[in-house]
Number of protein chains: 2
Amino acid sequence: MPLKKRQYDDACAATHAIDMLGQRWVLPVMRELMLGPKRFTDLKSDLRTISANVLTQRLEMMEERGVITRLRLAPPASGQAYGLTPWGYQAAPIFQTMARWGARSPEHDPAAPMSATSLVLSLRSMVDPERAAGFCALVGLHLGRETFTVDYNSGAVAIARRTLPQDLDAVITADPDAVAALVHCAVPLIDLETHGRMAVSGDRFVIERMATLYPPCTRAQLPPE
Amino acid sequence: MPLKKRQYDDACAATHAIDMLGQRWVLPVMRELMLGPKRFTDLKSDLRTISANVLTQRLEMMEERGVITRLRLAPPASGQAYGLTPWGYQAAPIFQTMARWGARSPEHDPAAPMSATSLVLSLRSMVDPERAAGFCALVGLHLGRETFTVDYNSGAVAIARRTLPQDLDAVITADPDAVAALVHCAVPLIDLETHGRMAVSGDRFVIERMATLYPPCTRAQLPPE
DNA sequence: CGGCATCCGGGAAGATACTG
DNA sequence: CAGTATCTTCCCGGATGCCG
């Protein structure tokens, strides 16, 4: 009957946003779509531990709410895909502020596994503009089945999921975890290479420099017991 | 026993943040503490529909995670209170970006009831810096049992929960909903006064000007069916 | 008053299997 | 590939009662 939805439903816009984003799997789905539309199966495999029924239900609800929209894929690809609406894309600053806050959590583990998309997004959201002020380079990333570009331009960072162009300064081939180890956990590039976790082509110094643009983890201190 | 916690537990800092903030009532509790510590009973009455056992459990968990801390109240007030930790206060930009995004939701209703704290926070997070560029004024708010100050200074907005000082330019006495109607829903001041929903003292023009600093609601369009 | 412990009902999330 | 259907488990919220 009343169909209680367990939402706050008050006029506070922030709690309303959490009504939209706080339900299980909504935020990870939006994250995976931040760099462009994906198909059901790709979403399911990128999220790894979501079950098909929950994904189905969540996509329906997010479409109702206007966060995502169903797209017909242009031939040659068949079938359909899901993409963010303009309003959905406008949630990007939320990811930025949440990532910067969440990285300071005492319980956050930057060495846990992560998806390709979340790694690439972190390259934009976690950069220290001061350290990147004088750095300009176009870097390619080869992460599993997908490729991305990261364009550093005097403090600004532009990211994209696309086929790699010709004019790259350097290319990294690795798992997302290895790139995270390089930039977020200060693991030396040479160590990753000797363990076979990463391969670099092009200007090697660009990658060394890129690894210095991200602040080391400074977790908030828990008060003594 | 595995004790599954229904968290994402991945390295993506944004999803880790939602692990911390997305659980029911966590965000509203943080919101209510953003302008200073409160006691259990005040929290419970400000949140209105939370039950005591859930509030107890949530406060425990938030303390474990380092978001809030238990405080002994200085005499003459007796007992204890709960306040945000430094890391907890650092979540303020999350509220800002979520509020600006949530206000554009097709389902957001700015006329719903809201707490005094969330109204005052919205005066900071929703201001349009361009419109407020040339505006400097110190406004007092009398909302129920609490008083606040709002300090407009050339686009910046500083808010505080405190006893009202002497050098105010104007004072509003009203319910939070009435102030929201004034600034967020473009209800004319005179209408609120004639209906007895608001009383203004001091420089009346300051309040009229203040009402123009906030953009009208522009909701994201839902795609046609 | 200011919490904490326990039981209960309903609903949301997870696992698995299956279908067009 | 793109979802359904079913079953189980877990979490939320309400009520009640206890304790300082």
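Per chain, numbering begins at 1; letters A, B, ... match sequence-line order.
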dG14(C) phosphate, OP1 or OP2, under 4.0 Å from Arg6(B) side-chain N/O: no

Atom pair distance, as rounded to whole Å: CG in Asp42(B) and P in dG2(C): 7 Å

Electrostatic pair Asp46(A):Arg31(A) at N-O distance under 4.0 angstrom: no

Result of checking Val120(B), Leu164(B), Val171(B) against Thr149(B) for side-chain contact (heavy atoms from CB on, under 4.5 Å): Leu164(B)

Atom-to-atom span, CG of Leu55(B) to P of dG2(C) - whole angstrom: 12 Å

Phosphate OP1/OP2 of dG2(C): any Thr41(B) side-chain N/O under 4.0 Å: yes

Length of the line joining Glu60(A):CD and dA2(D):C1', which is rounded to integer Å: 12 Å

Flag for Ser45(B)-Arg145(B): side-chain donor and acceptor within less than 3.5 Å: yes

Proximity to DNA chain D (any heavy atom under 4.0 Å), residues of residues 19-26 of chain B only: Gln23(B), Arg24(B), Trp25(B)

Nearest-Å distance for atom pair NZ/C1', residues Lys44(B) and dC1(C): 13 Å

Arg70(B) vs dG2(C): side-chain N/O to OP1/OP2 distance below 4.0 Å: no

Close side-chain approach of Met98(B) and Leu27(B), heavy atoms under 4.5 Å: yes

Atom-to-atom span, CG of Leu43(B) to C1' of dG3(C) - whole angstrom: 13 Å

Gln90(A) and Arg104(B) side chains, donor-acceptor separation under 3.5 Å: yes

Glu63(A) CD - dA2(D) P separation (whole Å): 15 Å

N/O (side chain, Tyr8(B)) to phosphate O (OP1/OP2, dA13(C)) under 4.0 Å: no

Pair of N/O donor and acceptor under 3.5 Å linking dG14(D) base with Asn53(B) side chain: yes

Spacing of CH2 belonging to Trp25(B) relative to CG belonging to Leu47(B), to within rounding of 0.5 Å: 5.5 Å

Partner set under side chain to side chain contact (heavy atoms under 4.5 Å, CB included) for Asp175(B), not counting sequence neighbours: Asp177(B)

Given dG3(D), dA13(C), dC12(D), the nucleotide with the shortest approach to the side chain of Arg58(B): dC12(D)

Separation of dG2(C) C1' from Ile50(B) CD1 (nearest whole Å): 15 Å

side-chain N/O Ser51(A) vs dA15(C) OP1/OP2, d < 4.0 Å: no

Distance (rounded to the nearest 0.5 Å) between Gln7(A) CD and Met20(A) CE: 5.0 Å

Short side-chain donor-acceptor distance under 3.5 Å, Ser115(B) and Glu32(B): yes

Contact under 4.0 Å: Thr56(B) side-chain N or O vs dC4(C) OP1/OP2: yes

Identified side-chain contact (heavy atoms from CB on, under 4.5 Å) partner of Leu141(A) from the options Leu168(A), Thr147(A), Leu123(A): Leu123(A)

Atom-pair distance (CG on Leu59(B); P on dA5(C)), nearest Å: 13 Å

End axis versus end axis in the helix from dC1(C)-dG20(D) to dG20(C)-dC1(D), the angle rounded to 10°, five pairs used at each terminus: 40°

Nucleotide of dT6(D), dG3(C), dA5(C) approaching Gln80(B) most closely (side-chain heavy atoms): dG3(C)

